[in-house]
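Have a look at the structure below, then the notes.
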There are 2 protein chains.
Amino acid sequence: MPLKEDKKIVERSTRQQSSILEALYGVDEFKSAQDIHALLSKKKLKVGLATVYRTLQKMAEKEDIDAIKSVDGETLYRHCGQNDGHHHHLICSKCGLTITVEGPAIENWTEKVAKENGFREVSHKVDIFGVCKSCKKK
Amino acid sequence: MPLKEDKKIVERSTRQQSSILEALYGVDEFKSAQDIHALLSKKKLKVGLATVYRTLQKMAEKEDIDAIKSVDGETLYRHCGQNDGHHHHLICSKCGLTITVEGPAIENWTEKVAKENGFREVSHKVDIFGVCKSCKKK
DNA sequence: CTTTTATTGATAATGATTATAATTAGCAAT
DNA sequence: ATTGCTAATTATAATCATTATCAATAAAAG
Ligand SMILES: [Mn+2]
Ligand SMILES: [Mn+2]
Ligand SMILES: [Zn+2]
Ligand SMILES: [Zn+2]
């Protein structure tokens, strides 16, 4: 008789996951789990809050979406269509307008600083918050 | 009779504030409000938790101490003796070892990126997390 | 269809931070 | 030394985002 088979982790696709994905892809600002949940509710799509949290985290881990922490500690997610690799953000703290930026300059700098100090497995998070031009006018 | 005098906001010094200050100056790692509160309790110094929170925030606003957000969202404070101006940190996520670093490179970069995109009142927070040399050995 | 178990979701629990409101205590003037 | 003003403190309740539970549901495989 065969011993316990290797557990193979099966991925299952669900309507909930699709809904969440779709909702996030529909906006191009950073949104919190709560935001997305509210957004789905408004569309009469019933998805549990816990599921929204779980799904967004999982997608962020897989790097399918970007995650940042707002100034007041909330985790925000965003789908960054045009950009696959490592990058950073310039975010308007008034309206949420987000611009994706790349920077060999900082990449090199953090690398260098870390190396000089004998650090390994370094990660950095560089997000710039400010007020965009159109918000400045008001 | 004199009308109401200009309200002068008086700063009052208290034993609580001194205790908190002292506690923070005694360590050179980033500590949370809760950490400091526990630390004071251990020393039989009774200071309300709310007071610790308030005092640390106020000191951070005044730039007397540095504040960062840990990966899991906690606000951490540290007294950075040798450095007054704007700077960043290289932090060991295992042991908390913190190295203060300055970087004209990123300063210029963020400035440039912001300007190019018409952003104003920008602020950035660049903290590098990694594993220090001695932690790597273990 | 049946089995397996990943996934969901209602809800309770957590945990950091903040608000409240009554009490305490600097400090300048008397 | 005493008083008055009000900043500061503190115990406590309230918030609020996020996580843990765990029974119920439903993909995917056979
Ligand atoms: Mn980078
Ligand atoms: Mn800087
Ligand atoms: Zn804006
Ligand atoms: Zn270390």
Side-chain angles (χ1 to χ4, degrees), chain A residues 1-24 30-41 43-62 64-65 67-78, chain B residues 1-24 30-41 43-62 64-65 67-78:
Chain A
M1 93 191 121
L3 292 178
K4 194 180 297 240
E5 308 271 336
D6 305 68
K7 254 177 218 167
K8 65 175 71 171
I9 295 154
V10 200
E11 298 268 312
R12 296 178 186 180
S13 59
T14 65
R15 66 163 183 83
Q16 287 90 338
Q17 289 170 4
S18 313
S19 297
I20 294 166
L21 244 304
E22 224 169 90
L24 193 62
F30 279 96
K31 294 290 184 189
S32 70
Q34 311 256 8
D35 289 340
I36 295 296
H37 182 250
L39 218 149
L40 292 173
S41 296
K43 290 186 188 168
K44 309 297 180 196
L45 296 171
K46 294 190 198 315
V47 179
L49 180 57
T51 301
V52 177
Y53 271 102
R54 268 189 306 242
T55 303
L56 289 174
Q57 305 180 306
K58 206 170 295 177
M59 294 201 291
E61 273 169 32
K62 250 190 298 181
D64 287 347
I65 60 178
I68 63 169
K69 294 245 177 192
S70 75
V71 209
D72 41 87
E74 264 183 311
T75 303
L76 306 178
Y77 301 92
R78 175 177 182 246
Chain B
M1 82 188 130
L3 294 177
K4 193 180 295 241
E5 306 273 338
D6 306 70
K7 258 180 215 165
K8 61 173 77 169
I9 295 155
V10 199
E11 297 266 314
R12 298 176 183 181
S13 58
T14 65
R15 66 166 183 79
Q16 288 88 339
Q17 288 170 4
S18 314
S19 297
I20 294 166
L21 244 304
E22 227 170 87
L24 193 61
F30 279 96
K31 294 290 185 188
S32 69
Q34 309 256 8
D35 288 339
I36 296 295
H37 182 250
L39 216 151
L40 292 172
S41 296
K43 289 185 186 171
K44 310 295 180 196
L45 297 170
K46 294 191 199 314
V47 180
L49 179 57
T51 302
V52 177
Y53 270 101
R54 213 172 330 100
T55 303
L56 289 174
Q57 310 181 300
K58 206 170 293 176
M59 295 201 291
E61 273 168 33
K62 251 191 297 180
D64 287 345
I65 60 178
I68 63 169
K69 293 245 178 192
S70 74
V71 209
D72 40 86
E74 263 183 309
T75 303
L76 305 178
Y77 301 93
R78 175 175 182 248

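Each chain gets a letter, A, B and so on, in the order the sequences are listed, and its residues count up from 1. The analysis underlying the following values was restricted to heavy atoms, covering all of them including side chains, and did not include hydrogens, waters or symmetry mates.
Between C/dT8, D/dA11, C/dT17, one nucleotide has an atom nearer to the side chain of B/A50 than all others, and that is D/dA11. The listed nucleotides are C/dT7, D/dA7, D/dT9; the one nearest the side chain of B/Q17 is D/dT9. Which of C/dA25, C/dT8, D/dA27 sits closest to the side chain of B/R12 comes down to C/dA25.
In this model, no donor atom of one side chain and acceptor atom of the other lie less than 3.5 Å apart for B/Y77 and B/Q57. A side-chain donor from one of A/T51 and A/R54 sits under 3.5 Å from a side-chain acceptor of the other.
OP1 or OP2 of C/dT7 has not a single side-chain nitrogen or oxygen of A/Q16 nearer than 4.0 Å. Using a 4.0 Å cut-off, no side-chain N or O of A/S13 falls inside it from OP1 or OP2 of C/dT7. Using a 4.0 Å cut-off, some side-chain N or O of A/R15 falls inside it from OP1 or OP2 of C/dG9. Considering only side-chain N and O atoms, B/T14 lies under 4.0 angstrom from the phosphate OP1 or OP2 of D/dT9.
Note on A/Q34: a base of the nucleic acid sits closer than 4.0 angstrom, heavy atoms only. If you check every strand for non-hydrogen atoms under 4.0 Å, A/T75 touches sugar and phosphate atoms only. As judged by a 4.0 angstrom heavy-atom cut-off over every strand, A/T51 is placed among the base-contacting residues.
With rounding to whole Å, B/L45 atom CG is found 15 Å from D/dT9 atom C1'. As rounded to whole Å, 15 Å separates atom C1' of C/dT18 from atom NE2 of B/H37. Distance B/E11 CD to C/dA28 C1': 16 Å, rounded to the nearest Å. Note: CG (B/D72) to C1' (D/dA17) measures 13 Å, nearest angstrom. Atom OH of B/Y53 is separated from atom P of D/dA8 by 20 Å (rounded to the nearest Å). Atom-to-atom, CD1 of B/I20 to P of D/dA8 comes out at 12 Å; the value is rounded to the nearest Å. As a whole-Å value, the separation of A/I36 CD1 from D/dT18 P is 13 Å. Note: CD1 (A/I68) to P (D/dA17) measures 16 Å, nearest angstrom.
Applying the 3.5 Å distance criterion, the base of C/dT7 shares no donor-acceptor pair with the side chain of A/R54.
When atom types are taken as modelled, the side chain of A/H37 and the backbone of A/G48 share no donor-acceptor pair closer than 3.5 angstrom.
Both A/K46 and B/L49 lie near DNA chain C, and the one whose nearest nucleotide falls closer to the 5' end is A/K46.
Inter-residue side-chain proximity for A/D64 and A/L21 is flagged as unmet; no heavy-atom pair is nearer than 4.5 Å. Side chains of A/L56 and A/L24 form a contact here, defined as non-hydrogen atoms less than 4.5 Å apart.
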